[in-house]
> 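This is the structure, below, for whatever I ask next.
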Amino acid sequence: MERPLLVYTTFPDAPTALDIGEALVRARLAACVNVIPGMQSVYAWKGVIERGAEVVAILKSRESLADALADELKRRHPYETPIILHLPVSGADPDTAAWIRAETGPV
């Protein structure tokens with residue numbers, strides 16, 4: 001049985017995250033996108049230490065869609081180099097896993 005996959009990414013603001021998240025759900029690449037506002041980030045970018053406000057997004061998908069999801073996320077993302085981390089899921093409630101499978105992939 002195919003395992004669920006969580007994808008961690010960040011966006012500059014909630015409206016952008018929600019718009020891209022909705023597009024990914026409509027494309028059936030993700031079953032759900034959780035958008036968590038209020039994050040403050042400190043990061044190195046092109047040799048400079050930066051600070052900024054961001055939002056976190058956690059995408060619920062499945063392992064076989066990892067590449068297609070990352071490609072579409074990159075295509076739509078406003079950042080030059082978006083953070084895209086695939087977080088494998090070692091286990092899931094069977095009903096949750098079934099819901100993710102049912103809401104992703106071919107109709």
Side-chain angles (χ1 to χ4, degrees):
M1 179 180 297
E2 185 175 14
R3 291 190 302 187
L5 174 71
L6 297 178
V7 176
Y8 173 94
T9 191
T10 59
F11 290 95
D13 54 62
T16 301
L18 290 167
D19 287 347
I20 293 173
E22 183 175 333
L24 296 172
V25 170
R26 287 185 183 280
R28 300 182 62 81
L29 293 170
C32 175
V33 178
N34 299 122
V35 177
I36 307 164
M39 182 175 76
Q40 296 293 314
S41 297
V42 177
Y43 56 95
W45 178 245
K46 297 185 178 183
V48 178
I49 303 301
E50 303 277 352
R51 289 184 181 207
E54 294 184 293
V55 300
V56 172
I58 301 170
L59 294 70
K60 297 171 187 152
S61 188
R62 51 193 172 93
E63 288 181 336
S64 66
L65 295 175
D67 291 339
L69 178 56
D71 290 346
E72 188 65 12
L73 185 55
K74 284 181 187 178
R75 189 179 78 74
R76 293 177 173 276
H77 208 288
Y79 290 170
E80 181 180 335
T81 305
I83 185 80
I84 300 173
L85 299 175
H86 295 169
L87 308 173
V89 175
S90 63
D93 175 79
D95 293 335
T96 298
W99 167 71
I100 291 171
R101 281 192 308 276
E103 296 302 329
T104 57
V107 179

> Sequence neighbours excluded, which residues qualify as side chain to side chain contact (heavy atoms under 4.5 Å, CB included) partners of Glu2?
Arg62, Glu63, Ser64
> Quick check: closest heavy atoms across Cys32 and Trp99, and the distance to 0.1 Å?
CB-CH2, 3.5 Å
> Do you reckon Leu85 sits in the same ILVMFWY cluster as Val7, going by side-chain contacts under 4.5 Å, direct or chained?
no
> Using a 4.5 Å cut-off on heavy atoms from C-beta on, say whether the side chain of Thr96 contacts that of Pro4.
no
> Could you tell me the separation between the NE2 atom of His86 and the CG atom of Leu69, rounded to the nearest 0.5 Å?
6.0 Å
> Checking side chain to side chain contact (heavy atoms under 4.5 Å, CB included) against Val35, which of Val56, Leu18, Ile20 comes through?
Leu18
> When you compare the side chain of Leu73 with that of Leu24, does any pair of heavy atoms fall below 4.5 Å?
yes
> Could you list the residues that satisfy side chain to side chain contact (heavy atoms under 4.5 Å, CB included) with Glu50, not counting sequence neighbours?
Tyr43, Trp45, Val48
> Identify the two heavy atoms, one from Leu5 and one from Ala66, that lie closest to each other, and give their separation to 0.1 Å.
CD2-CB, 3.6 Å
> For Lys60 and Leu6: C-alpha separation, side-chain torsions, deciding distance, then whether side-chain contact (heavy atoms from CB on, under 4.5 Å) applies.
CA-CA 5 Å; Lys60 297 171 187 152; Leu6 297 178; 3.8 Å; yes
> Could you tell me whether a side-chain N or O of Arg3 sits under 3.5 Å from a main-chain N or O of Ala97, the two making a donor and an acceptor?
no
> Does any non-hydrogen side-chain atom of Lys74 lie less than 4.5 Å from one of His77?
no
> Is Asp67 atom CG crowded by more than 12 heavy atoms from other residues, nucleotides or ligands, each under 6.0 Å away?
no
> Which distance, rounded to the nearest 0.5 Å, do you find between the OG1 of Thr16 and the CD of Glu54?
11.5 Å
> Between Ser61 and Leu29 (side chain of the first, backbone of the second, donor and acceptor by atom type, cut-off under 3.5 Å), is there such a pair?
yes
> For residues Leu65 and Gly105, report the shortest heavy-atom separation together with the two atoms involved.
CD1-N, 4.0 Å
> Could you pull out the closest heavy-atom pair between Ala31 and Ile100, with the gap in Å?
CB-CA, 4.0 Å
> Where is the tightest heavy-atom contact between Phe11 and Pro78, given as atom of each residue plus distance?
CD2-CD, 4.3 Å
> Quick one: does Ser41's side chain have a donor or acceptor within less than 3.5 Å of a partner on Arg51's backbone?
no
> Is there a path from Ile84 to Leu59 through hydrophobic residues (I, L, V, M, F, W, Y) whose side chains come within less than 4.5 Å of each other?
yes
> Taking all non-hydrogen atoms of both residues, which atom of Pro106 and which atom of Arg28 are closest, and how far apart?
O-NH2, 3.8 Å
